[in-house]
Amino acid sequence: MDSILISQGLDLLLYGMGTVFTFLTLLVGVTSAMSALVNRVAPDEVEAMVSAPGQASALEPRLTHIIQAAIDQHRGRK
Amino acid sequence: MDSILISQGLDLLLYGMGTVFTFLTLLVGVTSAMSALVNRVAPDEVEAMVSAPGQASALEPRLTHIIQAAIDQHRGRK
Amino acid sequence: MDSILISQGLDLLLYGMGTVFTFLTLLVGVTSAMSALVNRVAPDEVEAMVSAPGQASALEPRLTHIIQAAIDQHRGRK
Amino acid sequence: MDNLISLWASSGLAQIQLGQLVMMAVGLTLLFLAISKGFEPLLLVPIGFGTILANIPGAGFDAAPVYDAFGHMESPGGLLYYIYSAGIETGLFPLVIFMGVGAMTDFGALLANPKTLLLGAAAQVGIFTTVLGAVTLSHFGILDFSIRDAASIGIIGGADGPTAIFVTSKLSPDLLGAIAVAAYSYMALVPIIQPPIMRALTTPAERQIKMEQLRPVSKAERIVFPLTLLVLVAMLLPDAAPLLGMFCFGNLMKECGVVNRLSDTTQNALINIVTIFLGLGVGSKMSAEKFLNPETMGILALGAVAFCIGTASGVLMAKLMNSMSTNKVNPLIGAAGVSAVPMAARVANKVGLEANPQNFLLMHAMGPNVAGVIGSAVAAGVMINLVSGM
Amino acid sequence: MDNLISLWASSGLAQIQLGQLVMMAVGLTLLFLAISKGFEPLLLVPIGFGTILANIPGAGFDAAPVYDAFGHMESPGGLLYYIYSAGIETGLFPLVIFMGVGAMTDFGALLANPKTLLLGAAAQVGIFTTVLGAVTLSHFGILDFSIRDAASIGIIGGADGPTAIFVTSKLSPDLLGAIAVAAYSYMALVPIIQPPIMRALTTPAERQIKMEQLRPVSKAERIVFPLTLLVLVAMLLPDAAPLLGMFCFGNLMKECGVVNRLSDTTQNALINIVTIFLGLGVGSKMSAEKFLNPETMGILALGAVAFCIGTASGVLMAKLMNSMSTNKVNPLIGAAGVSAVPMAARVANKVGLEANPQNFLLMHAMGPNVAGVIGSAVAAGVMINLVSGM
Amino acid sequence: MDNLISLWASSGLAQIQLGQLVMMAVGLTLLFLAISKGFEPLLLVPIGFGTILANIPGAGFDAAPVYDAFGHMESPGGLLYYIYSAGIETGLFPLVIFMGVGAMTDFGALLANPKTLLLGAAAQVGIFTTVLGAVTLSHFGILDFSIRDAASIGIIGGADGPTAIFVTSKLSPDLLGAIAVAAYSYMALVPIIQPPIMRALTTPAERQIKMEQLRPVSKAERIVFPLTLLVLVAMLLPDAAPLLGMFCFGNLMKECGVVNRLSDTTQNALINIVTIFLGLGVGSKMSAEKFLNPETMGILALGAVAFCIGTASGVLMAKLMNSMSTNKVNPLIGAAGVSAVPMAARVANKVGLEANPQNFLLMHAMGPNVAGVIGSAVAAGVMINLVSGM
Ligand code: NA
Ligand code: NA
Ligand code: NA
């Protein structure tokens, strides 16, 4: 029932939000700088946003191979 | 070499089998009641006994897609 | 800065390499004997060096089945 | 006859207390919400089941092991005891989950438009105003929360389960059950809580703002970003390093492209195993004495407030940014800054489509959405630091 | 020269005792049975290998770690020591396995015909008569078993590996090796042990009884059943709650349909990892002093008796049910009540097909088969309760 | 204001020491080598990241937990502390990795041509001459290595990561970071280190030697081999039993064909999970005081020497064998005896193809390659035995 609690809460709000905003604002700048730097140093590797999951690409060659075999066989039988 | 051991064994047999039979007989009744209740409350969802494993259903759309693509390509080439 | 260290190192070299050579030379003999024995006792099971991974063989029947179904459907539609 | 009495005396019916019965009903309710209503089932199914197990009288699921004077085990502990003390008290499970979440996170949208980090920052206002609300309730004697409790309650507003569990297990382990349940429940309720607030704070014209297409992001940027974030955290906010460090590690494994087998396992077997045990362990803290009290109602109420304020702050921040820049953002994506990945981003997209059926905001909302994860991890770090010194 | 002596002194040949040599041969025999004869290889390969490892003289696989007075580790323990003390002494591994088994169990047949639960109850008679047999042998001084030993030996008749390991690790850890080996060996021998008994106790006409087709079971029933079972266990038999609680949890994850990724991991990576370590840990208890004694022969003999009595009880119970009801069951499916999932159900089907090639009993036998798992878990609970108080 | 000071005081910038900054740069360098240059990324990504985490000032990643007088936890330990003490100090992680490696190893080529075991023996000369080199440096006061340190450094020449980590964590835990980094780095550098030595020690005619095709190997041989090796180790060299025992167990699971689900999990989920944590745990030993000193430079230099001598010994052994037998082996495959599976075998194949584009040595080189794994595990066992007694 003490007002210490309230003042601790206010402190948390003040320093907490201050830190969050300071850190993320800084991160905006640092990230932008990082992107600019990276894209100047290694400009060629830009790729589309669509990222293929690793497992799919590992499975596909085998799948493709099996399917091709099946289709070849099917064509051969005709 | 004492007969305490024998009487303990008999106790286990008596109370053990008693508990097992009581519990499972009760479960027969409770399960039947549960089924009746559930099927009255939610009657539509009855489905066949064959249950498809989760992973298969997760893979199949992709497989189907790949196979369809392969077949389309095959048909196109002709 | 004592020469104990040097003599310990020499000991390690001597007994270490001795053990490694003794053990692996023995293993050459034991392995050859084991192969001869095993192939006399169970001569039929010789198989090719190519070993199929377990998972592939587990997947293939289902794949084959799906592909066959796809091809049948494709053929049916024509 | 003695045996019959022993059997009866050890039966649940003979031992059960009303509180345990009510807690079992709570567990069943959580399972119902998870299974029938789709409330975050990956966590609430294990938590609900763990709640029931922990409240079975005489089953000893959360009993500690007993050792004799020589250190030999006299009786082993219960399953939930081992899970809790090995994985939650130590903080290991939330950290491993965070690694898995990192391996499933795509920072592409954030990298294409880093300004959206500010939206993720703004939405954390919900956390800290809720802390203030909790201490005010305590100040006026309405409920009884310490500053540690208040901080743990506030973190519900971070809309991020592992972060909430990590902070609460460090500051107020007794509230773990209530806070985890509140956090996951409100994350599931995001599609109901957020839209009215979003509509109330925006004009139709604002909701129709079209954002320019996101630029493509290079593989190198994606690899360097988690390392940049890590170094920044290391230099400025080491208290946030456990959570953000593991998050960045997971993300680096995913993006670097040379350890796909580790990344796949992190995203599947490992995170699934830890999720099961994390949920059961949280359930073990759902005892009647800790859950069936007025404070739990207060936690649920404050948690809802936290989500609402976070949503509003995100939207208002977006409007503020628009007033200062010509490059407009649709303020709806500000609501995604609370985290609740990816639900909040989907909600932003849906409300946007209501206003303009051609306006797809999903990708744009993913930026503030993942920024919100960073934001609440930062908030968690600073809270642990400050509260520990109070 | 000292080094040469040290090398020789530390070699296995210089240290080995006859008992260790025999136990290595036992381990190799288990591997042979598992690999060449298909005896429950998932458990017997790790158990057999663990047996060999534990009996390598001087390798320290089951050595405890040594700490100095300040609590710093002076020398680490052996792999098998850590596995045993973390996973088996605590009961964690059997419980996790039970969760996995639950996630792989289909209660459909049981729900379609709940009466088959009685067959699963009857087959547990094998457990308790074997307990009586063990104490009788001890009473007459033929072998030396305490009541705790007798209870652990009886549970072999439950035909359920994790249940047997769970009970034995609590009541008679020294017998763990022999009991686990007996349990898994006899489960593998079910196709040889059961058919003669089944044929002796039934007439050809009985074996040809056709059972009506099972009704379809709804998804809701499947979801509610594990919860119903859990609540009943919680109210009446909390001692069975660890085993049946985890079993129901696994089954709920499978059936609820909203946590498929958790269920998949439980059925694959998690249960496989724990199976490997459970087997190695059981192997660590296969030391000469604990295994090479007359008691082990007694355990093997009593275990076989338990299986036979359980099989007979199940078949006779089915005949009793037929004598009291017009809705006949084929008595062969009673034999599936011992558990040994799914082997015993397949045996019932096979013997049934011999009598009538059109009569497929497999689905009908799955009901008593999974009922047997519940039955032996109940028996395990009541046994732990009663024996601990004796 | 106090809070602002507290925040600043707890920030990394206020606390960081030069050593930590340098170690973070070392961690980033390891990540760069792993990601951009493909240096053993499965280990060096986690080690590099763990290095950065362990050096964040004030984050407490390697802090031990604090308990009060009653045994209650006052503050939990850091993630890396738990990983290191549970998995590396105990030796568990390297052993589990070795089981996984066993499950991925194909002994076919070795069984078809057991003489190649001698090449795997010869290449271990690199280990022991490096030990001598290390003690010589110490003898002349140039660097400060104990005999335990020297043995750990020598094992780098085994070109086998888990073996090096297992030995070092037992003999010289303080050197763990430097030795693991050296071992994995040089394994990645095998294509650069080995070819010049191989060319220098062979004539073009020798490099063109065609080896006869390997005979087919039966399934039974493959199953019996790991058991044969295990029994031989048990009888002669129990100190090597932990490593080789787990290796043989993994291989048996793979080859026996009846526990495929265990073998699959061992090769995937289990080894991946343990690899992640092993790497992070090794990283936790990369502190400035242990890494930034002249001894580390000595370790890197001696490690390179060990690889070179091992390569040379393997090649020379092959030439010696040719001088005593009419059944010639191509001396290039001797270089594969250092292990570094499968990189060294590929290097032998590549250098062979340069000499004769029709001469495929890959399968022939797999024999010495896996023999090298056995050879260095034997060397590890004998070293632990002898050094512990010195
Ligand atoms: Na958040
Ligand atoms: Na049973
Ligand atoms: Na080697």
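What you see is a predicted model, and the numbers here were worked out from it, not measured in a lab. Each chain gets a letter, A, B and so on, in the order its sequence line appears, and its residues count up from 1.
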Contact list (residues 31-47 of chain D to chain E, heavy-atom gap under 4.5 Å, by number) returns D:L31, D:A34, D:I35, D:P41, D:L42, D:V45, D:P46

One option among E:L95, E:V231, E:V258 has the most heavy-atom pairs under 4.5 Å with chain D, and it is E:V258

**Message:** Could you check whether atom NZ of D:K290 has more than 12 heavy atoms from other residues, nucleotides or ligands sitting under 6.0 Å from it?
**Reply:** yes

Ranked by heavy-atom pairs below 4.5 Å to chain D, first place among E:P242, E:G381, E:S85 goes to E:P242

State, yes or no, whether a side-chain contact exists between E:E89 and D:P76 at a heavy-atom distance under 4.5 Å. no

Given side chains that start at C-beta, do those of D:F277 and E:V96 come closer than 4.5 Å, heavy atoms only?
yes

message: Contact between E:M235 and D:I56 at the side-chain level, heavy atoms closer than 4.5 Å - yes or no?
response: no

One option among E:S388, E:G257, E:G245 has the most heavy-atom pairs under 4.5 Å with chain D, and it is E:G245

In short, D:A59 meets E:A241 closest at the heavy-atom pair CB-CB, 3.8 Å

CG (E:D264) and CG (D:N268) are apart, to the nearest 0.5 Å, by 9.5 Å

CG of D:L79 to CZ of E:F98, rounded to nearest 0.5 Å, is 13.5 Å

Chain E shares the most heavy-atom pairs under 4.5 Å, among D:N55, D:L280, D:L53, with D:L280

Bottom line for D:L270: the part with an atom under 4.5 Å from chain E's heavy atoms is neither

query = Is a side-chain N or O of D:N272 found less than 3.5 angstrom from the main chain of E:L262, in a donor-acceptor match?
reply = no

dist E:L227:CG -> D:M24:CE (nearest 0.5 Å) comes out at 12.0 Å

Smallest heavy-atom separation, E:R261 atom then D:M104 atom, equals NH1-SD, 4.2 Å

Applying a strict 4.5 Å limit to non-hydrogen atoms, the region of D:I83 in contact with chain E is neither

